[in-house]
There are 2 protein chains.
Amino acid sequence: MTDEATHRRPTLDEVAERAGVSRTAASRALNNAPNVSRDKREAVLRAIEELGYVPNPTARALATQQAGAVALIISGEDPAVLADPFYGQVIAGASTVLEETDLHLVLCLATSARGQVRVKQLLRTRAVDGVMLMSLRGDDPLTRLALTAGVPAVFGGKPLHGDVPYYVDVDNVLGARQATEHLISRGRTRIATLTGPLDTDVGRARRRGYLEAMTLAGLHYRAEESGDFTERSGIAAMEALLARHPDLDAVFAANDNMAAGALRVLDRAGRAVPADVALAGFDGLAVSEITEPPLTTVHQPIRNIGREMTRMLLALIAGENPSPLVLPTTLVQRDST
Amino acid sequence: MTDEATHRRPTLDEVAERAGVSRTAASRALNNAPNVSRDKREAVLRAIEELGYVPNPTARALATQQAGAVALIISGEDPAVLADPFYGQVIAGASTVLEETDLHLVLCLATSARGQVRVKQLLRTRAVDGVMLMSLRGDDPLTRLALTAGVPAVFGGKPLHGDVPYYVDVDNVLGARQATEHLISRGRTRIATLTGPLDTDVGRARRRGYLEAMTLAGLHYRAEESGDFTERSGIAAMEALLARHPDLDAVFAANDNMAAGALRVLDRAGRAVPADVALAGFDGLAVSEITEPPLTTVHQPIRNIGREMTRMLLALIAGENPSPLVLPTTLVQRDST
DNA sequence: TTGTAAGCGTTATCAT
DNA sequence: ATGATAACGCTTACAA
């Protein structure tokens, strides 16, 4: 009603006084506890209304020893990781779940030395009630830190080293195997792969899926280059691959960004896709639909990953003991194969 | 050192006791205030070290009346807006600035009814020391709310209605005009435009730039369809455009996502780009590089927008009175024109 | 059902 | 320089 910009905000004491009750009663009414009489409660609510009272979250947090927030921690080489629309989806998924609670989402990029330090502080000071971590490298000190910080932690994708009790992942091995088997079913035999970073579980798992499929099919052809999931790295890796293995007739890229990069290289090299070289990616990002030709890819339910990570964290905070989750992937065939 | 998971954390009182000083002295040493003797300070720091003390941010926040966090509020139709890599860049920019402070970043999606309510509460309860708002629609109630909440607020892009004192924007009119003039310089005369949402400033501004260029060049051709900055909407809009104005020879799309969609439609319709139809976008997102042909686009320094918004907010919080900022754009010519 | 009083862990004030 | 003492605004035993 009135301009609240300059007005000092009323406290619960003032509400209580106005309602003619004790502060305790006011608090009870505010948090609709059972043990308040009808009339007192109404008096309090009226006073709250009249005074425009809003509770002070910080004071409440101090009293209840709950921060009222959870953090999403994104590790990685540099802040540019966020350019990958992947994270936007995860965040969106997390948000929709948090909306139903009274928890806020704190976003932390642990992508620089300074950022790592800040995350460390976040954990040590227990400034949040729980954390979700993504994109940890094999030797990321954050893994151990998160596990010993005494704060509920769930991981998005298993870290490479160290067993973590709570995580949400997709079956990367199976997905990659299916993509490779699909390429094989299209009659390809000289199938190469563009791997992700081999110091991450996801990078290794997708490579393993490729190898499994090749082995199971009795194919002995092997050709690989690794990248870091960016399109740029896909370009470099594909160039190297083409130089070293000019006879390849198919490529399984560990994600869509790298596949998009590979596509450009193949294009420039005059290799028709899929006629000369069949190409499959992983993720099911928007980019896979807009390339020419659109990419066959292994779709993973990214939004769900964010949702499920958050649900798991909430369960953990509530004192439950949720089981790790492995979400399914689905092969989406498009014109690149 | 010890497993802190179960151990109760020491308080400042305990530090003081251990150091044999008053809590006041301990507090002073902790925040390295000037008025502490050398030996007392050292004793305190030693005690802090030995006890593994970390200050409680909530208690500090209550005492100092500062939340220790700022919020980035993203409005929009649905949570899918985050799929746009645009926001990832803004977030990355904001993070790099916040890393140098002791402020956390709270991310809020005001994309659902529930989300709007939560943002409202965030503002009313003053749970953060300042807010940055993006993607507000013309009639977005958040605009007024943010301005009257008594919390420092900076806007990313001017809201359509209502003058806001603090914002970071790019010169959308000029950028769009340059893109259109570029198309004209390539000999095109029947230039159409795919606009953004016309209830946003950015949507209208880019349309205006198009109109200005056409008028200045004495071109009377007019053709437009509007979308919502998604690739999907670009497809629909381009289809409509092509149906109604089959004679067009160039298109200025209000952003790269829509341009990418338009490209697909043109492709399917057998219109060669740029031979038959020249196509330009806006943003300079990664997508503009990977289409075939790559897109001519108006590049805006997205990362900087996040950085500058944050800097402006910090200045505001510090009690300064920063000036609004309009960042420059640059035309990047690629093969689509 | 009600209220008193004791926290929660800091910082800020004000004498000394 | 120093240290009581009082905020900060809420929750929660505990007693009545």
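Numbered from 1 within each chain, the chains take letters A, B, ... in sequence-line order.
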Peer 1: For the pair made of CG in Asn31(B) and C1' in dG9(C), what is the distance, rounded to whole Å?
Peer 2: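 Rounded to whole Å, this separation is 13 Å.
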Peer 1: For Tyr53(B) and Thr11(B), test the side chains for any donor-to-acceptor distance below 3.5 angstrom and give the result as yes or no.
Peer 2: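 There is no such pair between these side chains.
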Peer 1: Report which part of the nucleic acid Val15(B) touches: base, sugar-phosphate, or nothing (heavy-atom distance under 4.0 Å, all strands).
Peer 2: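 Nothing: the residue Val15(B), judged by heavy atoms under 4.0 Å, touches no strand.
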Peer 1: In whole angstroms, how far is the P atom of dG9(C) from the CG atom of Leu30(B)?
Peer 2: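 Checked: the CG to P distance equals 15 Å.
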Peer 1: Under 4.0 Å between a Lys/Arg side-chain N and an Asp/Glu carboxylate O for Arg118(B) and Glu99(A)?
Peer 2: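 Salt bridge between Arg118(B) and Glu99(A), a charged N being under 4.0 Å from a carboxylate O: no.
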Peer 1: Once you round it to whole Å, what is the distance between P of dC8(D) and CG of Asp13(A)?
Peer 2: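 So the CG-P distance, Asp13(A) to dC8(D), works out to 10 Å.
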Peer 1: What is the distance, to the nearest angstrom, from the CG atom on Asp102(A) to the C1' atom on dC10(D)?
Peer 2: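 Going from Asp102(A) (CG) to dC10(D) (C1'), I get 15 Å.
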Peer 1: For Val119(A) versus Cys108(A), what's the shortest heavy-atom pair and its separation?
Peer 2: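 Smallest heavy-atom distance, with atoms named: CG2-CB, 4.0 Å.
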Peer 1: Roughly, in whole Å, what's the span from CZ in Arg9(B) to P in dT10(C)?
Peer 2: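 In whole Å, dT10(C) P lies 8 Å from Arg9(B) CZ.
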Peer 1: Return the polar atom pairs (N/O with N/O) between nucleotides 1-5 of chain D and the protein under 3.5 Å, or none.
Peer 2:
unit_1	atom_1	unit_2	atom_2	d
dT2(D)	OP1	Ser37(B)	OG	3.3
dT2(D)	OP2	Ser37(B)	N	2.8
dT2(D)	OP2	Ser37(B)	OG	3.1
dG3(D)	OP2	Ser22(B)	OG	3.3
dG3(D)	N7	Arg28(B)	NH2	2.6
dG3(D)	O6	Arg28(B)	NH1	3.4
dG3(D)	O6	Arg28(B)	NH2	3.3
dA4(D)	N7	Thr24(B)	OG1	3.4
dA4(D)	N6	Thr24(B)	OG1	2.9

Peer 1: Using whole Å, report how far CD of Gln66(B) lies from P of dT10(C).
Peer 2: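 Taking atom P of dT10(C) as the reference, CD of Gln66(B) is at 17 Å.
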Peer 1: Rounded to whole Å, please give me the gap between CG in Leu62(B) and C1' in dC8(D).
Peer 2: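 Computing the Leu62(B):CG to dC8(D):C1' distance gives 4 Å.
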Peer 1: Are any of the side-chain nitrogens in Glu50(A) or Arg46(A) under 4.0 Å away from the carboxylate oxygens of its partner?
Peer 2: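 Not counted as a salt bridge, because no side-chain N and carboxylate O are separated by less than 4.0 Å.
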Peer 1: Is any side-chain N of the basic residue among Lys158(A) and Asp201(A) closer than 4.0 Å to the acidic one's carboxylate O?
Peer 2: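 Answer for the salt bridge query: no.
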Peer 1: Kindly give the heavy-atom pair with the smallest separation between Val128(A) and Val151(A), and that separation in Å.
Peer 2: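 Closest approach of Val128(A) to Val151(A): O-CG1, 4.1 Å.
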Peer 1: Regarding Pro55(B), tell me which of base, sugar-phosphate or nothing describes its non-hydrogen contacts under 4.0 Å with the strands shown.
Peer 2: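 Sugar-phosphate, no base atom in range.
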Peer 1: What is the distance, to the nearest angstrom, from the CD atom on Glu17(B) to the C1' atom on dG9(C)?
Peer 2: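 About 15 Å, once rounded to whole Å.
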Peer 1: Quick one: is dG9(D) close enough that its OP1 or OP2 comes under 4.0 Å of any side-chain N or O from Gln65(B)?
Peer 2: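 Answer is yes, contact under 4.0 Å.
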Peer 1: Taking only the side-chain heavy atoms of Arg60(B) (C-beta and beyond), determine which of dT10(C), dT12(D), dC8(C) contains the nearest atom.
Peer 2: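 Nearest listed nucleotide: dT10(C).
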Peer 1: Flag the pair Arg311(A) and Glu308(A) as a salt bridge only when some basic side-chain nitrogen lies within less than 4.0 angstrom of an acidic carboxylate oxygen.
Peer 2: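 Yes.
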